[in-house]
Amino acid sequence: MPDLGLEVLLKGKNLARILAGLGVALRISLISLAVSIPAGILVGILMTRRNVVIKAVTRCYLEIVRIMPQMVLLFLVYFGTTRVFGWNLSGELSAVIVFSFWGAAEMGDLVRGAVTSIPAHQYESAAALGLTGIQTYRYIILPQTVRRLIPLSINLITRMIKTTSLVLMIGVVEILKVAQQIIEANRMSSPNAAFGVYLTVFLLYFAACWPISMLAGYLEKRWR
Amino acid sequence: MNWDFIMKYLPLYQRAAILTVKIGIAGIFFAILIGLLCMAVQNLKIPVLRQVVRVYIEISRNTPLLIQLFFIYYGLPKIGIRTNATVCGIAGIAFLGGSYMTEAFRSGMEAVEAVQLESAYSLGLTRWQTLQYVVFPQALSICMPAFMANVIFLLKETSVFSAISLMDLMFTAKDLIGLYYQTTESLFLLVVFYLLILLPVSLAGSLLERRLRYAGFGT
Amino acid sequence: MSDVVLKIEHLVKRFDDQTVLKDISLTVREGEVIVVVGPSGCGKSTLLRCINALEEIQGGKILLNGSSVSRESRNLSEIRQKIGMVFQSYELFPHLNVLDNIILAPTKVQKRSREEAKVEALALLSRVGLLEKANSFPRQLSGGQKQRVAIVRALCMHPEIMLFDEVTAALDPEMVREVLDVILGLAGQGKTMIIVTHEMQFARAVADRVIFLDEGVIKEEGEPDQFFDHPKTERAKEFLRTFTFERKHTHS
């Protein structure tokens, strides 16, 4: 049995530190989600408006997010704001800003897709039954939209969690940074720590995302 | 904006961009191969292999590329699997992209209705002829939007390569910011080069999508 | 009497634990037009699908010109070439234009030359009044036009027997006629056909023999006039009654 460098994890508080690092990553994702889901719903509803200006603005917003890697956006906010506005944003705050900006666009696109996928005659037959505009939304449109939307937005959660791994690159001490520190500190005593520790990080991310993906898949199948 | 600085470091960015694109394209190429292979395994319902593919897809889709790269680049050498940064970058994109491509291809194949196949069989076409002349052409155009979205997604994901010390665009930008504090210029070049890479792909994607929609197959 | 084209002996078809066809036997001779009628879910479509080996069968035999039709047949493609089938939902190939839809199988399966297949395809298209649509794509055609193309596509393979599976069920009423006229024309030319339909007047006009299928068995069979005017079984009478209407007066 080759030395897999797993023993490092059992030393001192290493495992607890790694889990705390995961906690940081999850905290960033949760805060970003808490911002981007309501903001995304708003963006999505705006996108279905016929107003040309609103359409152009939301379209631009969506395209920027679609084309620019989140890494680039992170750099722009983290390094750029210091330079241009003289703000000194912490890495964590920069991350929350970028991921919310990104998440709101993604969520907005999902909402737009779900709303426009409801065929026009659903509105018409509701109107034909004498339902008012608000009743139509309350009883006909929203229930259908929400069903389409929920699995997709749950998927957005896993994407958000995966994306938080990027904050390492702007110096936030999260799970990957902690892993690096542990490996570095035990360089002499366990030279193979990189394998065991990174494998653990890998599995922890999987453990965080997989159940959520499964739930999304299950709901998608059930509500099809 | 310091244009002298920009002109001076333009070639550096250029080199970095070419590296990014090269590794990206190679990775996407292998991702397509993996995707086709996995789709075939799923479609033919090959026992055992099918479960392996299932597990691979779940792992690949539920872990971040950055962690995958760290594991391949820093972890695997400890158990004797050594790669250089370039190979690692390609492997990472292929590992991540393979599952996304599988899903895109699979949804394309599934969108071709069973009765289309039956109608081909009833004309005497063999299984392979049916795939070749009836299923593939339809599946291809159906999966095109998802395919292009994957290409853009994977090219964007290449932005984490600097973590395994590949001298890509992010690496170059961070380096220059650290060395000279020319933050605005460095970031400007970074954005410009990513636009140069991704805007054409994105435009080509929308163009293709529109053409396919107009040539749409609606019955 | 003319030669037997298709012979079905004691056919049994089950889906899981549900028996859809129980012991069906049927002989079709050359030039004969058989119309199969019956309530929905009686197994009409399944019968046609079995004849074309699109379904596995659990018992009995299907013989086309004496050779067995089954999913295990090694020459399945050859057998299917001799059986033309037209589906309710047309199933033209959406990525090919009308002409390519028609000549795909003749050129790829029968290895006929493109030119020769094209000449025949165009001739058939003009016979169904669709010559000018040869280069159109399926999405540009109406349902009735699509169905006529689907018939031509099957005919171009020179099948020995044609199967029609409720080919007008998905059509708007004004398009039903154009499709049925094509089938009537084929009957006039002496094509051997099995037709599943809900169009009773058409059935009466086109059929040499009517088969009444109910609960997976042939409940009644006979000449059209006799079947439609004097059905023998109670089930057939009941079924035919669903096609006539009476206004009921309720007194309160």
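Every chain is numbered from 1 and lettered A, B, ... according to where its sequence line falls, protein lines coming before strand lines. Note: hydrogens, waters and symmetry copies are ignored here, and every other heavy atom, side chains too, is used.
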Region of Arg153(C) that comes under 4.5 Å of a non-hydrogen atom in chain B: both

Those residues of residues 74-89 of chain C, ordered by number, that approach chain B below 4.5 Å (heavy atom to heavy atom): Ser77(C), Arg80(C), Gln81(C), Ile83(C), Met85(C), Phe87(C), Ser89(C)

Lys174(B): partners by salt bridge (Lys or Arg N to Asp or Glu O under 4.0 Å), with sequence neighbours left out: none

Any donor-acceptor N/O pair, His95(C) side chain to Val135(B) backbone, under 3.5 Å: no

Chain C contact residues among residues 49-74 of chain B, heavy-atom distance under 4.5 Å: none

Residues of residues 96-125 of chain B contacting chain C, heavy-atom criterion under 4.5 Å, by residue number: Val115(B), Gln116(B), Glu118(B), Ser119(B), Ala120(B), Tyr121(B), Ser122(B), Leu123(B), Gly124(B), Leu125(B)

Met144(B) atom CE, over 12 foreign heavy atoms within 6.0 Å: yes

Within 6.0 Å of CZ in Arg71(C), more than 12 heavy atoms from elsewhere: yes

Enclosure of Phe153(B) CZ (heavy-atom neighbours >12, cutoff 6.0 Å): yes

CZ/Phe30(B): more than 12 non-hydrogen atoms of other groups inside 6.0 Å: no

Distance (rounded to the nearest 0.5 Å) between Tyr133(B) OH and Thr107(C) OG1: 7.5 Å

Side chain to side chain contact (heavy atoms under 4.5 Å, CB included) assessment of Leu104(C) paired with Val134(B): CA-CA 10 Å; Leu104(C) 176 72; Val134(B) 177; 4.2 Å; yes

